[in-house]
Amino acid sequence: MKLTSIWKSFSEIPIPRKLGKILAWCVMGFGLFCLVLGMIVKDDMPALAQRAPDGATVAQVAESVDAPTLAQRAPDGATVAQVAESVDAPTLAQRAPDGATAANPVDADPGATPQAAVTDKRANNSTQAIVDFKRENDETSILSRIMSVFGIFAFIGIAWLMSNNRKRVLWKLVAVGTGIQLVFALFILRTSVGKAIFSFLNDAVTVLLDFTSAGTTFLFSSFVSGQVESAFANTAMSILPPIIFFSSLMTVLYHLGIMQWIVKGMAVFMMKFMGVSGAESLSSVANIFVGMTEAPLVVKPYVEKMTKSELFAIMTGGMATVAGGVMASYVAMLQPYFPDIAGHLIAASVMSAPASLVIAKLMIPETETPETMGKVNLNEEKPDANVIDAAARGAGEGLQLAMNVGAMLLAFVALIALINFVLGLPSRIVNDNTYEHVKAYVVQEGGAVDPACESSFSKIDTIACTHSALMELARLRHISVDPMFTELRGSQLEQIDQVDAVYRTVIDKTGALTAKPDNGPSLSPDVPDKLEKKSLWPLLSLETILGWIFFPIAFLMGVPLSDCFLVGQLLGEKMAINEFVAYLHLSQVVEQLSYRSIVISTYALCGFANFGSIAIQIGGIGGMAPSRRSEIAKFGIKSMIAGSIAAFMTATIAGALI
């Protein structure tokens, strides 16, 4: 009775109508600042190994990247292996050769790739130890947390600016939905009980993935060795099988009625506290466990009669979350590098459910009376005869999904390579001309060039080819080059600066090359008398463009300024391509990001909001309600944006607490 009185009192609290306008003006002003900042600032943080000069110790590198804690913990002259042992990271210590330094901690296994490492993740991956070390030494500034808190209001303001009826926005729903997110995040990330649950869920998913590996081993192990041969240690065999297993498991749980019980309980909670209809709360909660076309099936009888706001809400829910089976693939992809990834992904998916309703009701407020307002009626169709039938159907559907994901990854990665080649073609032409100029002197003096650089306009890094040719010329002419520039490190702009330094050294110490070199032939008339300083251009890529576009979004979420460009690339890839490509890229750049940036990226990428999902929703939800197909198509782009904002909001809340 007391709780009812408290709830009634809360529901009667007046909220100023001008609150939205105040938020909007704040967001517009800050958004302009972020856009300007995104255009003029770029301070991406290369990998620790790239920043470290050859032979540098951990303490030296720590000081160079302003990490006093790391420098203090590392004894003078300590190597990576020694520091790994001091922080209880035996995996890294085992991988690092005796005397290995920060510049070459993984030289013991140069052929290893992120994909191949998935199979041997517990024993043979130094990156996991590096991420663990980053977490233990994470020193998030109070400014970053304040930025995340501001970002919560900023994303609410952005959604309000895009509303089709700002006067009808129910700010109580917005406040309660955001509060639910905050309470859940505080509980799971800050309390001892919540952390225990977080750890249990993370371990549970890891154990389930081990069950998947049992099936994979049975299917692909050699009859001779009894093990999966190293040739099968790749993305397809490591990341796609969990989709099949988890799809079968979820189908069995639905057949047994377990998932319906969980979904209905969570839906009733959200309906009572947020004041949304039963249908949209059911679909929103179902999206935590199944895909964007399967979740609306729980309210299939009501889709045809849903209000516009309800229809938009279930579409946004599908965009803001990911299916359980697909989530397992993300865990398989990232767990070798980020041990706690499963717990964070589960938290992200749960938090995004109320977030999707908040953003949906901001952008298209309810102006009608939903048929299921105040009641939760779950559609409990059981198409399977028994558990075995359910498991078989789930496995079949999972296989189809896994094949679709594999085909999608193959096609999109190839398309990205094509787009990057076209975008970078002008730079390749300029750089190839510079390379050919230097190469002429190398060949004339009897030197050797990298055969991989001989293909004109090839995919080979033209900046690296020019650097290699210059270093060979320096060797032939007995010119000493600063050790800091003997190997390329950092971003493209930093690499170009390093090549320019070598270029100037060779020109300054060589002068005119008309004289006959020691023990070498005279210069050919075709070769210019003097080595000229020619320019190098950075290669424009899709990732670069997306990084600048989404730089302000990353900054709003509280990502450190040094990581905003790289995180912006991930966010752009997720929306323009899909989250699989983005997570795959994240697994390859974890060493270049701070722990805070890794966690925020994990939450922000956890959603199906991309252009391809629009077509999926039109086909899936449109098939349930043919008369609403045109409305679904009309809401497509807007629901994708709403789903993205919901995921960003979830990441921002996580950023405020880590």
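The first residue in the sequence is number 1, and the count goes up from there. Computed from heavy atoms alone, side chains included, the values below leave out hydrogens, waters and symmetry copies.
- Summarising the geometry, atom CD1 belonging to Ile600 is positioned 11.5 Å from atom CG belonging to Leu605; distances are rounded to the nearest 0.5 Å.
- If you take NZ on Lys574 and OH on Tyr583, they are separated by 8.5 Å, rounding to the nearest 0.5 Å.
- Ring orientation note: the planes of Phe269 and Phe273 are tilted relative to one another, at an angle of 30° to 60°.
- The closest side-chain heavy-atom distance from Ile653 to Leu182 is below 4.5 Å.
- Contact annotation: the side chain of Leu571 approaches that of Phe648 to within less than 4.5 Å [non-hydrogen atoms, C-beta and beyond].
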Take Thr316 and Ser639, measure what side-chain hydrogen bond (donor to acceptor under 3.5 Å, both in side chains) needs, and give me the verdict at the end.
-> CA-CA 5 Å; Thr316 301; Ser639 67; 5.5 Å; no
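- Proximity of Pro560 to Ser597: side-chain heavy atoms (C-beta onward) are separated by under 4.5 Å at one or more points.
- Between Tyr330 and Phe580 the shortest side-chain heavy-atom distance falls below 4.5 Å.
- Taking each heavy atom of Lys195 and Leu189 in turn, the nearest pair found is CE-O, 3.2 Å.
- Going from atom CE of Met270 over to atom CD of Glu280 covers 9.0 Å, rounded to the nearest 0.5 Å.
- Pairing each heavy atom of Thr650 with each of Gln181, the nearest pair is OG1-NE2, 3.2 Å.
- Using a 4.5 Å heavy-atom cutoff, the side chains of Asp340 and Phe198 are in contact.
- When atom types are taken as modelled, the side chain of Glu573 and the backbone of Glu543 share no donor-acceptor pair closer than 3.5 angstrom.
- With values rounded to the nearest 0.5 angstrom, Met363 atom CE is found 6.0 Å from Ile641 atom CD1.
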Stepwise, does the side-chain hydrogen bond (donor to acceptor under 3.5 Å, both in side chains) test hold for Arg596 with Ser148?
-> CA-CA 11 Å; Arg596 176 179 179 79; Ser148 292; 2.7 Å; yes
Assess whether salt bridge (Lys or Arg N to Asp or Glu O under 4.0 Å) is satisfied between Glu310 and Lys361, documenting all intermediate values.
-> CA-CA 9 Å; Glu310 282 184 296; Lys361 295 304 180 181; over 6 Å; no
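- Counting heavy atoms from C-beta on, the side chains of Trp160 and Trp171 come closer than 4.5 Å.
- With rounding to the nearest 0.5 Å, the separation of CD1 in Ile553 from CE in Met575 is 8.0 Å.
- Under the 4.5 Å side-chain criterion, counting only non-hydrogen atoms from C-beta, Val169 is in contact with Ser163.
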Donor-acceptor pairs under 3.5 angstrom involving side-chain atoms of residues 282-292: please list them, not counting sequence neighbours.
from   : atom 1 : to     : atom 2 : distance (Å)
Ser284 : OG     : Ala353 : O      : 3.1
Asn287 : ND2    : Ser283 : O      : 2.9

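- Here the side chains of Ile359 and Met649 are in contact, with some heavy-atom distance below 4.5 Å.
- Thr602 places a side-chain N or O within donor-acceptor distance of the main-chain N or O of Ile598, the cut-off being under 3.5 Å.
- Side-chain N or O atoms of Ser309 include one that pairs as donor or acceptor with a backbone N or O of Ile364 at under 3.5 Å.
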